[in-house]
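One structure is given here, and the rest of the page talks about it.
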There are 2 protein chains.
Amino acid sequence: MRPGPRRSITQSGIVTAAFEILEQSGFAAVSIRGVAAALGLTPTAMYTYFPSKQDLLRAMVEALFAGVSADATDAARMADAAGATDATDAADAASDEIARERLVAAAIDLGRRLREHPGAVSLVTGDGVAGAGTVGLIERLGQGFVAGGLSVDDAARAAHALLAHTIGQVALEQAWGAASVDVAETQLWSDEPARPVAEAGERLGLRAGDPGEFRASVARLVAAWLR
Amino acid sequence: MRPGPRRSITQSGIVTAAFEILEQSGFAAVSIRGVAAALGLTPTAMYTYFPSKQDLLRAMVEALFAGVSADATDAARMADAAGATDATDAADAASDEIARERLVAAAIDLGRRLREHPGAVSLVTGDGVAGAGTVGLIERLGQGFVAGGLSVDDAARAAHALLAHTIGQVALEQAWGAASVDVAETQLWSDEPARPVAEAGERLGLRAGDPGEFRASVARLVAAWLR
DNA sequence: ACCTGAACACCGTTCAAGT
DNA sequence: ACCTGAACACCGTTCAAGT
């Protein structure tokens, strides 16, 4: 056997430990010192594996994005089950439908991953955290749009829009946080709500990230690009 | 005169000082200690005005969002100049066009504000930073969609989508940061780019936040909801 | 009400030194 | 190459005390 590192610690092991801390204690708790302690290391030893904290965060974003696949076999199966008619001409429509479902499923998967760990949005919206993993995700989403019939340029636009939309939606949910802002500051002299739209948003669960509403908004965005 | 505070410092004065630091040194530099020093105060004195750092950040978000108006007289003027025909029947189409332009202008204005200060995205995507200002912005955007003919519920959905889209777009731009990721890791044995969509995104300026592309994506989203 | 000074429990990062 | 220990220049927040 080759002489491995003195201790059985790897970059990906550190990333895994960092995700555990993120999940349990939030973004602010993801510190060089904290991760080192969780691994039984001295803070300075961390710099053997990552030259800076930003590089660790970047690696975490890479890992988070790498898992989002735009090939959703489930979605394809759903589209099949939904049942293309026996007409051979329906092939195009069916493949469009599959492309649509794959893209929606990818965005929902990404949303789920971001909501999984508290503060993962802060991770993803950090300065200069995008890397090869982000490039790969955009490529996969874009290929989905190409499969839906878009040109490469439009697919790039659509992929960026879908990614931004998903990150923004979850970011907005987290921005509301636990703090329940009083939207219902209805005037006493009136039965009309002072802020009807904002109240509707709260009632519909847009703030809290209602899954059905999220899916619908993603589907609308995808449709806006594919048609 | 009433006996004012011992020193001429107000909450909004602190917020202003905090924005100056944000603009000059980025989000990480916006600290209780740093803002206090800029005002000639002791860090502990800050707690007279804001009970915690999060409250200061919340106040900053409020200020940032409060300035985004969905009534764009400029946009209305543009629509007028663009020239409704003399037919009286064109009134509806013209007012739809005005609503559309107002909404696009509001999103562009928000995008501009977010890009103005480095790290403003981190500010806005923070945990629990949304407050009355966010409610107000959603209400104004929503009213724009109502003016475009949407129901209150759909207007709420559209307003949330537009806000999320805008924040997400700028967040994505910042995530790329100065670090230029090599998309062009083209294989030597082939003329075909390895990641055609990602390369297209870079070429089109989607990463860097090209203004024309940003406007187009916002316009597409608005149109997807208004039609 | 507004402010200071000292203190507590944290940060990221560097540097010299050990194996 | 991998790791430790000490140190530097920071954090947010609390507490007792002053006016």
Side-chain angles (χ1 to χ4, degrees), chain A residues 1-18 20-22 24-61 118-119 122-123 126-129 177-179, chain B residues 1-18 20-22 24-61 118-119 122-123 126-129 177-179:
Chain A
M1 305 198 187
R2 293 164 289 149
R6 196 124 40 144
R7 297 171 89 141
S8 57
I9 289 176
T10 60
Q11 287 199 64
S12 80
I14 291 175
V15 168
T16 301
E20 271 162 29
I21 293 174
L22 179 67
Q24 284 165 13
S25 316
F27 181 69
V30 179
S31 65
I32 293 287
R33 294 173 113 105
V35 176
L39 290 165
L41 281 178
T42 270
T44 42
M46 294 282 292
Y47 289 84
T48 306
Y49 302 92
F50 295 98
S52 74
K53 185 185 181 181
Q54 183 172 216
D55 288 277
L56 170 58
L57 298 183
R58 227 191 310 255
M60 292 177 74
V61 172
S122 304
L123 188 69
D127 249 42
V129 291
Chain B
M1 307 198 186
R2 294 163 290 150
R6 197 124 41 143
R7 296 172 87 144
S8 57
I9 290 175
T10 61
Q11 287 198 63
S12 81
I14 292 176
V15 168
T16 301
E20 270 162 29
I21 293 175
L22 179 68
Q24 284 165 15
S25 316
F27 181 69
V30 179
S31 65
I32 293 287
R33 293 174 115 104
V35 176
L39 291 165
L41 281 178
T42 271
T44 42
M46 294 283 290
Y47 289 84
T48 305
Y49 302 93
F50 294 98
S52 75
K53 185 184 181 181
Q54 183 172 216
D55 287 277
L56 169 59
L57 298 183
R58 229 192 308 256
M60 292 178 73
V61 172
S122 303
L123 187 69
D127 249 42
V129 290

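Residue numbers start from 1 in every chain, and the chains themselves are labelled A, B, ... in the order their sequence lines are given, proteins ahead of strands. Both backbone and side-chain heavy atoms feed into the values below; hydrogens, waters and symmetry mates do not.
In this structure, the nucleotide among dC2(D), dG5(D), dG12(D) sitting nearest to the side chain of Thr42(A) is dG5(D). When each of dT13(D), dC3(D), dG5(C) is scored by its nearest atom to the side-chain atoms of Leu41(A), the top-ranked nucleotide is dC3(D). In this structure, of dC3(D), dT13(C), dT4(C), it is dC3(D) that holds the atom nearest to the side chain of Tyr49(A). You'll find that the side chain of Ser52(B) is closest to dT13(D), out of dC3(D), dT13(D), dC11(C). Taking only side-chain atoms of Arg33(A), from C-beta outward, the nucleotide of dC3(C), dG12(D), dC11(C) with the closest atom is dC11(C). Side-chain proximity of Ile32(B) to dT14(D), dA6(D), dT13(D): nearest is dT13(D). With dC2(D), dT13(C), dT14(D) as the choices, the nucleotide that has an atom nearest any side-chain atom of Thr48(A) turns out to be dC2(D).
In this structure dT19(C) sits in a base pair with dA1(D), meeting the Watson-Crick or G-U test at under 3.5 Å. Within the shown strands, dC8(D) is the pairing partner of dG12(C) under the Watson-Crick or G-U definition, both distances less than 3.5 Å.
Distance alone, capped at 3.5 Å, places no donor-acceptor pair between the Thr42(B) side chain and the Ala45(B) backbone.
Looking at heavy-atom distances under 4.0 Å, Ser31(A) makes contact with sugar-phosphate atoms alone, never a base.
If you take CE of Met46(A) and P of dC11(C), they are 12 Å apart, rounded to a whole angstrom. dT13(D) atom P lies 10 Å from atom CG of Leu56(B), rounded to whole Å.
Between the CG atom of Leu39(B) and the OG1 atom of Thr16(B) there is a distance of 9.5 Å, given to the nearest 0.5 Å. To the nearest 0.5 Å, atom CD1 of residue Ile14(A) and atom OG1 of residue Thr48(A) are 8.5 Å apart.
For the pair Ala29(A) and Pro51(A), both in contact range of DNA chain C, the more 5′-proximal nearest nucleotide belongs to Ala29(A).
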